[in-house]
Amino acid sequence: MPFRRPEASAPTTSREPEARRPRVPRLPRHASAVLAIGSAAIALSLVALYAATPSDNHAVYGAATAEELQPPQTLTVPDDLVPVSVVRDGYSVTPGHATYVAGGTNHDWAKLVLNIGGWPVTENNVTVITRWMRQENYIDSWWNRNNPLNNGWGSGGGSGLGSYPNLQVTAENAVEALNSLPGYRPIVEAFAASAPTDVTERAIWASPWASGHYNNGAHWHYTPVPVIKAPPGAW
C-alpha cells in the first residue's frame, strides 16, 4: 500500500475583533455657520494686518535708512575770519490823506495840500504854505469860512471871500487852482522842487493870487507859525 503524505491542514488564523471607532458628534447647522463666519472674519483681519504692515515698516525703516545714508554736515570756519557787518535797508510809513485830516491842524492842512498836489511834503514847502495862510487869515481862526488861502476858485466868491463845505474840499480846490492858471505855474514848479522858501515866496508875490502882491513881500511875516487845531466840524 503506497505511503500517502497526510494532507496539510489549512492554517487557522485567529482574527481579533476590529476596534470600534468613536463617533464624532455632528454640530447643528446654525453652529457650523457661525464657525464659518468667525473663521472668515479672522482671515480678513490677518490679511488687513499684513497688508498695512509693509507700508508702515517702509515709512519707519525708510526714514532710518535715509538718516543713515545722509551723513551729518559740518562747517569749518577759519580762525582768521573777519566778521562782516550787514546793513539792512530801513523802512518807513508815509502819512497820507487820512493822517493829515486826523491831525486837524494848520500844519496838517498845509501837508494835505502838498499831498493832494503830489508835491514833496518837506519843511520848506510846509513853512511857505503856513506863512501864506497867515497872510490870508488870522492864525487863531485860520479855518475861517473853510478857506485858509482865501481862494476864489470853486468857492463861489471871485474875490476869495467864498467858502467851502470842509477843509478837505478846500485843499483840493487850492491844488486845482494852482495847476489850472498859467500865472501860478512858477509856484507849482517851486513846490515840486521843494525850493528854498524865499524862491517859492517870490513866486507867490509875483503871481495874481493877491491883487496887492503882498506889497512884493513887504507885508510878509517870517516868524514861526504856531500849530493851531481847527474844530472837528471844519474837516
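All values derive from a computational prediction rather than experimental measurement.
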Should Val121 and Tyr100 be marked as a side-chain contact (heavy atoms from CB on, under 4.5 Å) after you check the CA-CA gap, both sets of side-chain angles, and the distance that decides it? CA-CA 11 Å; Val121 182; Tyr100 302 133; 3.9 Å; yes
Rounded to the nearest 0.5 Å, how far does NE2 of His107 lie from CG of Leu112? 14.5 Å
Worked check of side-chain contact (heavy atoms from CB on, under 4.5 Å) between Arg145 and Asn150: CA-CA 9 Å; Arg145 292 175 285 104; Asn150 286 331; 2.7 Å; yes
State plainly whether one hydrophobic cluster holds both Ile204 and Ile129, where clusters connect Ile, Leu, Val, Met, Phe, Trp and Tyr through side-chain heavy atoms under 4.5 angstrom apart. yes
Do Leu167 and Ile228 belong together in a cluster built from hydrophobic side chains that touch within less than 4.5 Å? yes
Should Thr170 and Pro148 count as side-chain neighbours, where that means a heavy-atom distance under 4.5 Å? yes
Hydrophobic cluster identity match, Val199 and Trp205, side-chain contacts under 4.5 Å: no
What are the two closest heavy atoms between Asn124 and Thr197, and how far apart are they? O-CG2, 3.7 Å
Decide ring-ring contact (aromatic ring centres under 6.0 Å, His included) for Trp143 and Trp109; before the verdict, give the C-alpha distance in whole Å, the side-chain angles of both, and the deciding distance to 0.1 Å. CA-CA 10 Å; Trp143 60 88; Trp109 190 82; over 10 Å; no
Is a side-chain donor or acceptor of Asn115 paired with a backbone partner of Gly96 at a separation under 3.5 angstrom? no
Without swapping roles, check the side chain of Asn125 against the backbone of Pro120 for a donor-acceptor pair under 3.5 Å. yes
Flag the pair Val175 / Val113 as yes when at least one side-chain heavy-atom distance between them is below 4.5 Å, and no otherwise. yes
Suppose we screen for salt bridge (charged side-chain N to carboxylate O under 4.0 Å, His left out). Which residues come up paired with Glu172, at least two apart in sequence or across chains? none
Side-chain heavy atoms nearer than 4.5 Å, only ILVMFWY residues, links allowed to pass through others: does that put Tyr222 and Val227 together? no
Between Trp132 and Leu178 the two heavy atoms that sit nearest each other are CH2-CD2, 4.2 Å
Looking at every heavy atom in both Tyr164 and Gly152, which two are closest together, and how far apart are they? OH-C, 4.4 Å
Distance (rounded to the nearest 0.5 Å) between Arg131 CZ and Thr223 OG1: 8.0 Å
Gln135 side chain to His221 backbone, donor-acceptor under 3.5 Å: yes
Between Trp220 and Tyr214, what is the ring plane arrangement, given parallel below 30°, perpendicular above 60°, and tilted in between? perpendicular
Ala190 and Thr200: which non-hydrogen atoms are nearest, and at how many Å? CB-OG1, 3.4 Å
Which atom pair, heavy atoms only, marks the closest approach of Ala171 to Ile116? CB-CD1, 3.8 Å
Indicate yes or no: at least one non-hydrogen side-chain atom of Trp235 is less than 4.5 angstrom from one of Asn166. no
Rounded to the nearest 0.5 Å, how far does OG1 of Thr99 lie from NE2 of His97? 10.0 Å
CD (Glu189) and OH (Tyr184) are apart, to the nearest 0.5 Å, by 15.5 Å
Heavy-atom pair of closest approach, residues Ile139 and Pro226: CG2-CG, 3.8 Å
From OG1 (Thr122) to CG (Leu114), nearest 0.5 Å: 7.0 Å
Let's go through Thr130 and Trp142 carefully: what are the C-alpha distance in whole Å and the side-chain angles of both, what is the deciding distance for side-chain contact (heavy atoms from CB on, under 4.5 Å) to 0.1 Å, and is it a yes or a no? CA-CA 10 Å; Thr130 53; Trp142 62 267; over 6 Å; no
Donor-acceptor pair, His213 side chain versus Ser207 backbone, under 3.5 Å? yes
Rounded to the nearest 0.5 Å, what separation is found between the CE atom of Met133 and the CG atom of Asn144? 11.5 Å
